[in-house]
Protein chains: 2
Amino acid sequence: MTAILVVDDEPQLRKALRVNLQARGFEVLEAADGETALHLAAASRPDLALVDLGLPGISGLDVIAGIRGWSDLPIIVLSVRGAEQDKVDALDAGADDYVTKPFGMGELLARVRAALRRRGADADEPVIRTAAFEIDLAQHRATVGDDEVHLTPTEWALVTMLLRHPGRLVTQRHLLHEVWGPGFDHETNYLRVHLANVRRKLEPIPSQPRYFITEPGMGYRFEPGSEG
Amino acid sequence: MTAILVVDDEPQLRKALRVNLQARGFEVLEAADGETALHLAAASRPDLALVDLGLPGISGLDVIAGIRGWSDLPIIVLSVRGAEQDKVDALDAGADDYVTKPFGMGELLARVRAALRRRGADADEPVIRTAAFEIDLAQHRATVGDDEVHLTPTEWALVTMLLRHPGRLVTQRHLLHEVWGPGFDHETNYLRVHLANVRRKLEPIPSQPRYFITEPGMGYRFEPGSEG
DNA sequence: ACCGCTCTTCACGCGATCTTGACGCGGCGG
DNA sequence: CCGCCGCGTCAAGATCGCGTGAAGAGCGGT
């Protein structure tokens, strides 16, 4: 059975989540603070975690970082409206997605399903295949159909950064920091231009991206084709 | 008999691998740290290596680089989930494939068989043939048409380095590190000059290289002629 | 000491790549 | 309904990296 770890200090919200998730056939583990969250995650190995950022004691951010130290399980962050910086920090720390409180249960469940689906589809091979293109990480090669496509160093860095975290929302800051180094954290211009080039080379319809998705205001996400 | 070198510091995992591999008729060599791994690899010449990245002392990455200095045996990396950057680094260092821990034994065995099969296909002959030239790695001889061509030591080191990884991009840093040693990681000048010499001697049209391809900003790649 | 081979070092020209700025569009809030 | 912000697009200029030729240094053999 699929187990989901719920980390939130409000008993009401925990209860609401428990009821809804169990109704969908998920097993639910609950933690009211960061410490028990980390212990539970290590002991029970859940398949996904929902983490509230506003926790007493150990912050939600530390919970994310603590889990990411040893596991790649999908993490969805719950945060209050307006706390944009918190969301970005959480994503930078390795969260996969976020939901803004208050949220509809339907939206949350959709994101949970999406995160689980992506993770399952995450092919663990050194070559990533989609319906449109194929990227061989070991050989450093990209092909579209039968034609080899040349990616510039910057483009390659961007693509691998996104491919390395299938389905995960990668923040602009994170991308800029990894590809251009420190000091470029706000040059979102670069991302727009180079992402456009990547799409022109890899996307079937560059103006309607299907694999390299923009999350306005936050960052970008590689969406592996649902292979089924 | 086919010998497999297992490099991991966890005795449990080593035992599990040993039992399963021996059951399939493989001979198993074990190393708990990087040093013994390198010694064993040099002394016993295994046919394949399974290397854990999280080793005490010498890192798994250095083990890979150390082996790649003189051998082309297939290397499969074992890495924990979430250590995405490590995997990419390992591939850059010359690993052939990776498996994420925890893994099913069936999957691992499949990858071992695949790696051995791939290798058997191309590395049977120590002599590499293309339409333009022929290189005998064992005898240290290169011929173009019927004429023997003399390669200087540096050129030979570069050529073998590239030939050992057909089709794969070898980074500038990797080449410089293996041919010139540490401390030359940024002397890309050397590569340009010596690659030019290699092309002058081996390529049919040196100014339009077909076999020794430049990947601007990243490195070089040996492109074997389509052998069909 | 001389010679030949090899490697290092440098400067130049050229093309690929990156940066930069301007523009239009669409969504969102006022 | 209007204005603002973020994104995609495009084109120009600046920059970087590569290939090339050639000169000088190091080294071993004769």
Side-chain angles (χ1 to χ4, degrees), chain A residues 81-82 84-85 87-88 91 100 140 142 148-159 161-162 169-173 175-176 178-181 183-221, chain B residues 140 142 148-159 161-162 169-173 175-176 178-181 183-221:
Chain A
R81 213 178 170 52
E84 305 293 332
Q85 191 54 54
K87 283 189 246 178
V88 172
L91 292 169
T100 304
H140 259 260
E148 180 155 359
V149 171
H150 177 71
L151 297 180
T152 70
T154 307
E155 289 160 7
W156 186 261
L158 276 177
V159 167
M161 178 108 315
L162 290 169
L169 171 48
V170 184
T171 61
Q172 298 170 342
R173 210 174 58 181
L175 284 169
L176 287 165
E178 288 293 323
V179 176
W180 279 270
F184 290 79
D185 288 11
H186 298 99
E187 304 285 351
T188 58
N189 257 335
Y190 298 5
L191 290 179
R192 295 211 294 276
V193 173
H194 290 283
L195 250 297
N197 289 335
V198 166
R199 285 173 176 148
R200 200 168 301 134
K201 293 181 181 179
L202 296 180
E203 290 274 3
I205 310 170
S207 58
Q208 300 168 32
R210 187 183 150 185
Y211 299 101
F212 297 97
I213 310 296
T214 301
E215 296 275 348
M218 302 297 287
Y220 294 85
R221 176 201 307 276
Chain B
H140 250 250
E148 180 158 356
V149 171
H150 175 69
L151 296 180
T152 71
T154 307
E155 289 160 9
W156 188 261
L158 276 178
V159 167
M161 195 87 227
L162 290 169
L169 169 66
V170 186
T171 61
Q172 298 170 343
R173 217 175 53 183
L175 284 169
L176 287 165
E178 287 298 326
V179 177
W180 279 270
F184 290 78
D185 288 9
H186 297 99
E187 304 285 352
T188 59
N189 256 333
Y190 297 6
L191 291 178
R192 296 212 294 275
V193 174
H194 290 285
L195 250 296
N197 289 334
V198 166
R199 284 173 176 148
R200 202 167 299 136
K201 293 180 181 179
L202 297 180
E203 290 273 4
I205 311 171
S207 58
Q208 300 168 33
R210 187 185 150 184
Y211 300 101
F212 297 96
I213 309 295
T214 301
E215 294 281 348
M218 301 194 275
Y220 294 86
R221 170 200 315 277

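Predicted, not measured: the structure shown is a model, and the values here were computed from it. What's counted below: heavy atoms across the whole structure, side chains too, no hydrogens, waters or symmetry copies.
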- Task: Would you kindly compare H194(A) and P153(B) by the position of their nearest DNA chain C nucleotide and give the one closer to the 5′ end?
- Result: P153(B)
- The residue, F184(A) or F184(B), whose nearest nucleotide of DNA chain C is more 5′ is F184(B)
- Item | Short N-O contact, E155(A) and K201(A), less than 4.0 angstrom | yes
- So, the side chain of Q172(A) versus the backbone of L191(A): is there a donor-acceptor pair under 3.5 Å, distance only? no
- Query: Given T154(A) and W180(A), is the side chain to side chain contact (heavy atoms under 4.5 Å, CB included) satisfied, shown in steps?
  - Reply: CA-CA 8 Å; T154(A) 307; W180(A) 279 270; 3.5 Å; yes
- Message: Determine whether a donor-acceptor pair (N or O, by modelled atom type, separation under 3.5 Å) exists between the side chain of E178(B) and the backbone of L175(B).
- Response: no
- Would you find a donor on one side and an acceptor on the other, under 3.5 Å apart, between the side chain of E148(B) and the backbone of A142(B)? no
- Only one of H140(B), H194(B), H150(B) clears ring pair (Phe, Tyr, Trp, His ring centres under 6.0 Å) with W156(B); which? H140(B)
- Query: Which atom names give the shortest non-hydrogen contact between P153(A) and G217(B), and what distance separates them?
  - Reply: CG-CA, 4.0 Å
- Task: Let me have a per-nucleotide readout for nucleotides 10-26 of chain D, 5' to 3', with B, S or -, counting only protein heavy atoms under 4.0 Å.
- Result: B------SBBBS-----
- Query: Could you give all pairs that pass the salt bridge (Lys or Arg N to Asp or Glu O under 4.0 Å) test and reach residues 187-199 of chain B, with sequence neighbours left out?
  - Reply: none
- Item | Separation of atom NZ in K201(A) from atom P in dG8(D), rounded to whole Å | 17 Å
- Message: With heavy atoms of chain A within less than 4.0 Å as the criterion, where does contact along DNA chain C begin and end?
- Response: dT17(C) to dT20(C)
